[in-house]
Amino acid sequence: MGIFNKIKFFFFVTLRIWKYKLLSDCKHISGKPNLYIPLLLNGRGKIKFGTNFQNGVSAAHYTYSSYNYILSMYEDSEVNFGHNVVMANGSTIQAVSKINIGNDVMIGINCMLVDTDGHDLNPEKRMTGDIKSAPITIGNNVIIYYNSVVFKGVTIGDNSVIGACSVVTKDIPPNVFAAGSPARVIRNL
């Protein structure tokens, strides 16, 4: 990396990484993520990083403008990452209950994992109702491609691949390629 690129990286990435560390308010973090872009960690719950967690991909787009966001909302909420996980630029993980991500997982650019509807579907309870949540489990060696969303209660089995722009609302078995909105199994791997 030449001197100009080092200076550019310092001003447009490193300083932003420091800023987002200061903005993060989650107090129950274990493990040490490798930061290639900024990471915002919020909530009263627990966030656990396995070894070799890579936050961001410096060779990908949005390196100079995006950040990743992890929310572990309540005291009993958890986000657990296995070993060798890559979370690409612009991704979001929001846990009200629990999100478990296995080993050797790749989460693509602009993906979202959210274990809640956010608000009650009943219009009269939308602003005051209980938040419904169900855990998400991502198996080992899973790839979730660009712009995909994984919703509450979903389990994605080991070695499966989720195609780009998919909306995963139901369990995906191991060793398959699934895609679409809603995502469905396209073929076995």
Side-chain angles (χ1 to χ4, degrees), residues 1-119 131 133 135-138 142-152 162 164-165 168:
M1 185 184 288
I3 188 72
F4 177 73
N5 285 335
K6 286 181 181 179
I7 292 170
K8 182 171 69 170
F9 193 83
F10 176 77
F11 281 105
F12 294 106
V13 178
T14 304
L15 290 177
R16 290 177 55 243
I17 287 172
W18 294 345
K19 176 177 102 173
Y20 280 81
K21 280 184 180 180
L22 289 172
L23 293 172
S24 294
D25 66 7
C26 185
K27 305 292 186 224
H28 306 286
I29 301 166
S30 60
K32 185 170 178 8
N34 298 312
L35 301 177
Y36 292 87
I37 65 168
L39 177 61
L40 184 60
L41 304 171
N42 283 348
R44 296 183 313 230
K46 296 179 184 132
I47 301 171
K48 180 182 176 188
F49 296 102
T51 57
N52 298 319
F53 175 85
Q54 180 179 326
N55 180 68
V57 179
S58 58
H61 57 292
Y62 304 137
T63 297
Y64 298 108
S65 61
S66 70
Y67 66 96
N68 287 343
Y69 179 62
I70 301 173
L71 171 66
S72 186
M73 187 172 280
Y74 300 119
E75 289 177 6
D76 57 348
S77 303
E78 291 181 40
V79 177
N80 299 305
F81 293 95
H83 306 298
N84 307 313
V85 173
V86 176
M87 187 168 149
N89 307 359
S91 294
T92 298
I93 296 176
Q94 296 181 8
V96 168
S97 57
K98 189 174 195 175
I99 298 177
N100 285 319
I101 298 168
N103 300 319
D104 305 306
V105 171
M106 290 189 281
I107 300 169
I109 291 172
N110 292 332
C111 286
M112 180 178 224
L113 282 68
V114 58
D115 72 351
T116 179
D117 293 331
H119 296 277
I131 296 175
S133 177
I136 293 173
T137 302
I138 309 297
V142 168
I143 300 174
I144 303 171
Y145 277 106
Y146 305 88
N147 298 311
S148 293
V149 181
V150 178
F151 282 111
K152 71 177 187 182
I162 305 300
C165 301
V168 186

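- Across all non-hydrogen atoms, the minimal contact from Asn89 to Gly56 is OD1-CA, 3.2 Å.
- Asp117 and Lys152 are joined by a salt bridge, as a carboxylate oxygen and a charged side-chain nitrogen come within less than 4.0 angstrom of each other.
- At a threshold of 4.5 Å between non-hydrogen side-chain atoms, the residues Val96 and Tyr74 count as touching.
- Counting all heavy atoms, side chain and backbone alike, Ser91 lies closest to Gly108 at OG-O, 2.8 Å.
- The closest side-chain heavy-atom distance from Asp76 to Lys46 is not below 4.5 Å.
- In terms of modelled atom types and a separation under 3.5 Å, the side chain of Glu75 and the main chain of Ser77 share no donor-acceptor contact.
- A distance of 16.0 Å separates CD1 of Ile37 from CZ of Phe12, quoted to the nearest 0.5 Å.
- We find the CD1-CG distance between Ile138 and Asn80 to be 12.5 Å, quoted to the nearest 0.5 Å.
- Between Arg44 and Lys27 there is no side-chain heavy-atom pair separated by less than 4.5 Å.
- In this structure the side chain of Lys32 never reaches within 4.5 angstrom of the side chain of Phe49, judged on heavy atoms.
- Judged by distance alone, with hydrogens and angles left aside, the side-chain atoms of His83 form no donor-acceptor pair with the main-chain N or O of Gly50 at under 3.5 Å.
- Annotation: side chain of Tyr20 is not in contact with side chain of Leu39 (no heavy-atom distance under 4.5 Å).
- Across all non-hydrogen atoms, the minimal contact from Pro38 to Ser66 is CD-O, 3.6 Å.
- Within the 4.5 Å cutoff, side-chain heavy atoms of Ile29 are placed close to those of Leu41.
- The CD1 atom of Ile47 sits 4.0 Å away from the SG atom of Cys26 when rounded to the nearest 0.5 Å.
- Here the closest non-hydrogen pair linking Pro33 and Phe53 is CB-CD2, 3.4 Å.
- At a threshold of 4.5 Å between non-hydrogen side-chain atoms, the residues Phe81 and Ile99 do not count as touching.
- What you find for Glu78 and Ala95 is that their closest heavy atoms are O-CB, 3.6 Å.
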| said: Please determine whether side-chain contact (heavy atoms from CB on, under 4.5 Å) holds for the pair Val85 and Asn103, giving the CA-CA distance in whole Å, both sets of side-chain angles, and the decisive distance to 0.1 Å. | reply: CA-CA 6 Å; Val85 173; Asn103 300 319; over 6 Å; no
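- For the residue pair Ile107 and Ile93, the shortest heavy atom distance occurs at CD1-CD1, 4.3 Å.
- Side-chain contact between Tyr145 and Ile162 is absent, with no heavy atoms from C-beta onward closer than 4.5 Å.
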| Derivation of the side-chain contact (heavy atoms from CB on, under 4.5 Å) call for Thr116 and Met73 | CA-CA 11 Å; Thr116 179; Met73 187 172 280; over 6 Å; no
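- Heavy atoms of other residues, nucleotides or ligands lying less than 6.0 angstrom from CZ of Phe10 number more than 12.
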| message | Please determine whether side-chain contact (heavy atoms from CB on, under 4.5 Å) holds for the pair Val168 and Val149, giving the CA-CA distance in whole Å, both sets of side-chain angles, and the decisive distance to 0.1 Å. | response | CA-CA 6 Å; Val168 186; Val149 181; over 6 Å; no
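- Checked by atom type, the side-chain pair Ser97/Asp115 shows a donor-acceptor distance below 3.5 Å.
- Taking CG from Asn42 and CG from Leu40, the interatomic distance works out to 4.0 Å, rounded to the nearest 0.5 Å.
- A 6.0 Å sphere centred on CE of Met106 holds no more than 12 heavy atoms belonging to other residues, nucleotides or ligands.
- Here Met87 contributes atom CE and Ile144 contributes atom CD1; the two are 10.5 Å apart, rounded to the nearest 0.5 Å.
- Judged purely by distance below 3.5 Å, without hydrogens or angles, the side chains of Asn84 and Asp104 pair a donor atom with an acceptor atom.
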| task | Check the pair Ile101 / Leu113 against side-chain contact (heavy atoms from CB on, under 4.5 Å), numbers first and verdict last. | result | CA-CA 10 Å; Ile101 298 168; Leu113 282 68; 4.1 Å; yes
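- Rounding to the nearest 0.5 angstrom, the gap separating the SG atom in Cys111 from the CG atom in Asn68 is 10.0 Å.
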